[in-house]
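In what follows, a structure is listed as structure tokens, so that the remarks can point back to it.
The residues of the chain are indexed from 1 along the displayed sequence. Because the structure is a prediction, the values reported are computed rather than measured.
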Amino acid sequence: MKKLRRSSLSEDAYTFVRALFLKGDRYSPGDKISVEELSRELGVSRTPLWGAIYRLEAEGIVEIVPRLGVYLVDYDPRKVIEIYVAREALEGVAARLAAERITERQIAALQANIDLQRAHLEQGEIDKYYAAALDFHEEIVAITGSKTIGRLLGSIFAQIKAMRVQRNYAPMRLPQSCDDHERLLETAEYEARRHIRDLADEIRRSLPERAISSPRARSRAVVS
């Protein structure tokens with residue numbers, strides 16, 4: 001395993017260990033995590049690793065059980081339902097904010113992502129589909145420009161990855177998920193265009209009537 005750099009060890013440890021836990025190659029939901037073993041493999045003391053563990057516990061990615069140790073969060077249907085209720089509320093706000101700010105280039109990128117999702121499904125590459133689908137949602141969150149929503153949903157997405165929630169979905173429903181993503185994008189594009197039209201109408205209402213009717217005034221308005 002790659003040794004961590006000596007500078008900014010606490011942040012480096014957090015970034016590396018978080019990615020390790022979420023990737024799914026080494027740990028499965030509910031697995032016990034040996035901090036001492038990670039310390040030896042990464043060539044750092046346990047102090048920065050414990051700092052990372054505490055941050056990951058706050059995010060809901062790991063659980064620290066007194067006198068027993070550290071465990072990757074296990075899959076719990078009841079907990080998943082709670083997470084998805086919160087996700088529904090936050091992503092609803094994110095979709096509305098994204099629709100107000102989305103650009104044509106971003107719309108094209110999201111459509112390309114949906115096309116990639118369908119291609120993975122056609123090839124039976126379910127894990128790759130899940131990764132692309134989550135990228136789709138994360139990109140919408142990024143478009144909002146809201147650090148608060150990004151932080152909250154980032155924690156939710158991380159818990160979903162850690163619990164491998166997607167592996168418990170019925171594969172037969174996945175094409176419908178692609179359709180849902182398509183409708184979400186269509187709605188975002190419609191809302192974005194409506195928002196821009198509203199802004200243009202507001203500008204028109206703020207101008208004197210003769211300024212709107214004057215070609216020269218219209219030219220100045222467009223330039224500004």
Side-chain angles (χ1 to χ4, degrees), residues 11 14-16 18-19 21-24 55-56 58-61 80-122 125-167 169 173-204 206 221-224:
E11 189 64 31
Y14 165 76
T15 302
F16 183 88
R18 188 179 192 272
F21 292 168
L22 298 184
K23 191 174 182 182
R55 288 177 65 179
L56 294 172
E59 291 184 48
I61 297 173
V80 171
I81 291 173
E82 291 182 1
I83 288 173
Y84 270 68
V85 169
R87 179 182 176 182
E88 176 187 350
L90 288 169
E91 284 210 73
V93 175
R96 176 173 59 81
L97 291 176
E100 296 176 356
R101 305 182 181 190
I102 198 166
T103 65
E104 293 288 347
R105 178 176 296 181
Q106 290 167 332
I107 290 172
L110 289 172
Q111 182 59 60
N113 178 283
I114 294 173
D115 295 340
L116 181 62
Q117 293 176 38
R118 294 192 187 281
H120 287 319
L121 286 180
E122 290 173 1
E125 300 168 334
I126 304 302
D127 286 342
K128 290 182 178 180
Y129 160 79
Y130 287 137
L134 195 55
D135 285 344
F136 176 87
H137 289 278
E138 289 176 332
E139 182 56 31
I140 289 178
V141 175
I143 292 171
T144 69
S146 171
K147 292 182 179 179
T148 300
I149 292 178
R151 182 173 63 254
L152 293 172
L153 276 171
S155 176
I156 285 176
F157 292 151
Q159 291 179 66
I160 290 172
K161 289 179 181 179
M163 288 191 284
R164 316 292 185 251
V165 172
Q166 296 91 336
R167 294 181 184 176
Y169 288 168
R173 190 190 177 282
L174 299 185
Q176 180 183 335
S177 294
C178 279
D179 294 339
D180 291 343
H181 294 159
E182 195 98 54
R183 284 192 291 272
L184 177 60
L185 182 57
E186 290 172 357
T187 301
E189 182 173 11
Y190 170 80
E191 291 297 329
R193 293 182 183 279
R194 184 186 62 80
H195 179 65
I196 292 171
R197 287 197 301 270
D198 288 346
L199 291 176
D201 289 342
E202 186 65 28
I203 292 173
R204 293 189 187 96
S206 68
V222 170
V223 170
S224 62

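- Counting only distance, with no hydrogens or angles, the side chain of N113 and the backbone of A132 share a donor-acceptor pair below 3.5 Å.
- I61 approaches A158 most closely through the heavy-atom pair CD1-CB, 3.6 Å.
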Please determine whether side chain to side chain contact (heavy atoms under 4.5 Å, CB included) holds for the pair I83 and M163, giving the CA-CA distance in whole Å, both sets of side-chain angles, and the decisive distance to 0.1 Å. CA-CA 11 Å; I83 288 173; M163 288 191 284; 3.3 Å; yes

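- Results of the side-chain contact (heavy atoms from CB on, under 4.5 Å) test with I143 over T103, L110, L97 single out L110 as the only residue that passes.
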Apply side chain to side chain donor-acceptor pair (under 3.5 Å) to Q111 and E182, showing your working. CA-CA 8 Å; Q111 182 59 60; E182 195 98 54; 3.0 Å; yes

Is there a side chain to side chain contact (heavy atoms under 4.5 Å, CB included) between I156 and Y84? Walk through the geometry before answering. CA-CA 8 Å; I156 285 176; Y84 270 68; over 6 Å; no

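- Between D135 and L116, the closest side-chain pair of non-hydrogen atoms is not below 4.5 Å.
- Ring geometry for H137 versus F157: interplanar angle of 30 to 60°, hence tilted.
- The distance from the NE2 atom of H120 to the CG atom of D115 is 11.0 Å, given to the nearest 0.5 Å.
- The minimum heavy-atom distance between H181 and F136, with the atom names listed, is O-CZ, 3.7 Å.
- With a 4.5 Å cut-off on side-chain heavy atoms, Q159 and V165 do not count as touching.
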Side chain to side chain contact (heavy atoms under 4.5 Å, CB included), that's the test. Do R18 and L56 meet it? Break it down for me. CA-CA 7 Å; R18 188 179 192 272; L56 294 172; 3.6 Å; yes

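- E59 and R151 are not joined by a salt bridge, as no carboxylate oxygen comes within less than 4.0 angstrom of a charged side-chain nitrogen.
- A salt bridge links R118 to D179: one of the charged nitrogens lies within less than 4.0 Å of a carboxylate oxygen.
- Among all heavy-atom pairs drawn from L90 and I149, the shortest one is O-CG2, 4.5 Å.
- Between I114 and C178, the shortest heavy-atom contact is CG2-O, 4.3 Å.
- The CZ atom of R96 sits 14.5 Å away from atom OG1 of T187, with the distance rounded to the nearest 0.5 Å.
- Between V141 and G150, the closest heavy-atom pair is CG1-CA, 3.6 Å.
- With salt bridges taken as basic N to acidic carboxylate O contacts below 4.0 Å, one links K161 and E138.
- With a 4.5 Å cut-off on side-chain heavy atoms, T144 and V93 do not count as touching.
- You'll find the side chain of L153 reaches within 4.5 Å of the side chain of R87, heavy atoms only.
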